Amino acid sequence: LEASGRVTSRPLGELLVGQRRTGLRASECITAFHFPALGTDQRSGFAKIGARTTVTISKLSAAAVVDVDATSGLLGNARVALGSVAPTAFRDASLEAVLDGAEPTPRTAAAFAATCVAAVQRAIPTRSSLAYKQHAAAGLAYDVWNALGVCPPCEPVWVA
């Protein structure tokens, strides 16, 4: 909403410009977000790690949307974003590639988790929180996977 009272619509990518910064002008405020409703063949999941379960800044977050083919059961058109590992949340093509065309199985869940860990490594290779976030990313990926509800819940397999 602009100071003039005029309502405008802008893509989210134009608003997320950096850590604790938005692309809003001084005369603008956000009054609503609009997202298309999921189709009957789509599933979504979100998970975050934070100090509390209520409103808090995330230490790590992930969101995913996938199509589930009604005939084959295969996943497709995956969109996966990570948050709190870069100045702004971002989609990760490697995570999307793991899901596109995949069967919803525990093996796919494990590949998704491993790819999530690698994505965190690429995003923050020199950050002091890397070791913690890599370990947390594996569990977070399973939380997102389970939230998609595309197969029975899977648990991380930890290798010492």
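Computed from a prediction, not measured in an experiment: that's the story for all the values here. Quick note: numbers below take in every heavy atom, side chains included, and nothing from hydrogens, waters or symmetry partners.
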- Steps toward side chain to side chain contact (heavy atoms under 4.5 Å, CB included) verdict (Ile124, Ser129): CA-CA 8 Å; Ile124 57 170; Ser129 62; 4.2 Å; yes
Measure the [atom1]-[atom2] distance between [X] and [Y] for me, rounded to the nearest 0.5 Å.
X: Arg43; Y: Leu38; atom1: CZ; atom2: CG; result: 8.5 Å
X: Asn146; Y: Cys154; atom1: CG; atom2: SG; result: 6.0 Å
X: Asp100; Y: Leu95; atom1: CG; atom2: CG; result: 11.0 Å
X: Gln121; Y: Cys116; atom1: CD; atom2: SG; result: 12.5 Å
X: Phe112; Y: Leu99; atom1: CZ; atom2: CG; result: 5.0 Å

Please confirm whether the backbone N or O of [Y] pairs with a side-chain atom of [X], one donor and one acceptor, at under 3.5 Å?
X: Asp67; Y: Ala78; value: no
X: Asn77; Y: Val66; value: no
X: Thr108; Y: Pro104; value: no
X: Arg10; Y: Thr8; value: no
X: Glu14; Y: Pro11; value: no
X: Ser84; Y: Ser58; value: yes

- Examine Val17 and Leu15 and state if one hydrophobic cluster contains both, with Ile, Leu, Val, Met, Phe, Trp and Tyr joined whenever side-chain heavy atoms are less than 4.5 Å apart.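 In one cluster: no.
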- Item | ILVMFWY cluster, Leu74 and Trp145 together (side-chain gap under 4.5 Å) |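 Result: no, two separate clusters.
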Side chains of [X] and [Y] in contact at under 4.5 Å (non-hydrogen atoms):
X: Phe90; Y: Asp92; value: yes
X: Lys59; Y: Lys48; value: no
X: Leu75; Y: Val68; value: yes
X: Leu60; Y: Leu140; value: yes
X: Val120; Y: Val117; value: no

Of the non-hydrogen atoms in [X] and [Y], which two are nearest, and what is the gap between them?
X: Val85; Y: Ala123; result: O-CB, 3.4 Å
X: Ala113; Y: Tyr142; result: CB-CE1, 3.5 Å
X: Ala63; Y: Phe46; result: CB-CD1, 3.9 Å
X: Val144; Y: Ala64; result: CG1-CB, 3.7 Å
X: Ser44; Y: Leu148; result: C-CD2, 3.5 Å

- side-chain hydrogen bond (donor to acceptor under 3.5 Å, both in side chains) between Arg122 and Ser94, worked out: CA-CA 11 Å; Arg122 283 191 311 277; Ser94 65; 2.8 Å; yes
- In terms of side-chain geometry, is the basic nitrogen of Glu96 or Arg79 positioned less than 4.0 Å from the acidic oxygen of its partner?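 Answer for the salt bridge query: no.
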- Mind running side chain to side chain contact (heavy atoms under 4.5 Å, CB included) on Leu24 and Ile30 for me, showing each step along the way? CA-CA 8 Å; Leu24 291 174; Ile30 298 170; 3.9 Å; yes
